[in-house]
Q: 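The structure under discussion is supplied below as structure tokens; questions concerning it will follow.
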Amino acid sequence: MPVVTCIEDLREIARKRVARAIFDYVDRGSYAEYTLRANRADLESLALRQRVGVDVDKRSTRTTMAGHDVAMPVALAPVGLTGLNWADGEILAARAAQRFGVPYTLSTMSICSIEDVAGGVDKPFWFQLYVMRDRGFSASLIERAKKAGCSALVLTLDLQIQGQRHRDLKNGLAVPPKLTAATVLDVLFKPSWAFNVLQSKRKSFGNLEGRIPDAKSLTTLSQWIAGQFDPTLSWKDVEWVKKLWGGKLILKGILDPEDAKAAVQAGADAIVVSNHGGRQLDGAISSIRALPEIVDAVKGQIEVWLDGGIRSGQDVLRALALGASATMIGRAYAYGLGAFGEKGVALALELIEKELDVTLALCGLRDVKDASPAILRA
Ligand code: GLV
């Protein structure tokens, strides 16, 4: 096994192992990818403040997220098609997260279903919901998540309409994966992926079984999203979801202070400041730039988390410094999964935790909960 020292190493190994269409689906963003790049660039531009002469012997990265104890302020974000990076990827990622002590969020657009994951883990996980035009189906997803014992619902608000991902169209991304003249050469060089994923019994959208009559390709899926995801989704519907769910509710995809205030009004337990990892509104500001104003607007009434561009413990600390109480990672763990399966997800979490722990100390802090703007340099 190569010496893996950072998330970028996992990305590189995943890039070589995973079929190109699936890797690019994870890796890339929408349109010109301005926002995808801004998420990273704006995090990197935040300089941490080195402090010395402080006893940093006893340190803690522990905190809580929506009332759950976590080993560090990092949850696994919902990622579509996870199980096409590695067979049964959702179950493996959930196991790695649970063993590590951080929350796992299962996407509506997952390969393993809610029930598959519930059967494969022994602790509760979170479920991410897209609201469909067919409210009966949305309600049934909420019911299934309840029955599976999910301990929080993450309602995504920024994908009523899908932003175009040029790469997915150019790669002819298909679910279930399809061997075509254009992809066969790529897959020949990815035998480990091919044996693992192509032979797995779960290759299509587990939660939607019976709902996509002819799931031939992601062109069909994009059309399916356009046809099924509800573009009328409004705050009234958030109320409807909250009532049906009745548990912890996290609203994901907030990038504007006015929307953050609306989320407080809607009774959310937490919001995720997010531009969907640069996969939706290209040209939107980075999530780290949006964060301070949102933290101000929310006035401590609910928890504010951030996703988008987190690739290291340093990034986690930057987000905490600007007022987030926690973060979510998507690509960072998906690369780990694509590289080494369950072990790779565990490794991604370990890397980020170690970086966070050391960075905390070098900034002169002992507890992640003490992060504040004071640990940043202008
Ligand atoms: C779905 O959530 C996606 O970003 O592809």
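Note that the structure is a prediction, hence the values are computed from the model and not measured. Worth knowing before you read on, the calculation uses all heavy atoms, side chains too, and leaves out hydrogens, waters and symmetry mates. All ligand and atom numbering here is 1-based and tracks the order in the structure.
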Q: Side chains of Ser274 and Asp307 only: does a donor on one sit below 3.5 Å from an acceptor on the other?
A: yes
Q: Which protein N or O atoms sit under 3.5 Å from any N or O of ligand 1? Give each pair with its distance.
A:
from	atom 1	to	atom 2	distance (Å)
ligand 1	2 (O)	Tyr130	OH	2.5
ligand 1	2 (O)	His276	NE2	2.9
ligand 1	4 (O)	Arg165	NH1	3.3
ligand 1	4 (O)	Arg165	NH2	2.9
ligand 1	4 (O)	His276	NE2	2.9
ligand 1	4 (O)	Arg279	NE	2.7
ligand 1	5 (O)	Tyr25	OH	2.6
ligand 1	5 (O)	Arg165	NH1	2.6
ligand 1	5 (O)	Arg279	NH2	3.0

Q: Output side-chain donor-acceptor pairs under 3.5 Å for residues 246-254, partner residues at least two apart or in another chain, one line each.
A:
none

Q: Is Arg202 salt-bridged to Asp116, cutoff N-O under 4.0 Å?
A: yes
Q: Report the residues that fulfil ring pair (Phe, Tyr, Trp, His ring centres under 6.0 Å) with Phe340, sequence neighbours left out, ordered by chain and then residue number.
A: none
Q: Which residues pass the ring pair (Phe, Tyr, Trp, His ring centres under 6.0 Å) test with Phe100, sequence neighbours left out?
A: none
Q: Between Glu33 and Arg28, is the closest basic N to carboxylate O distance under 4.0 Å?
A: yes
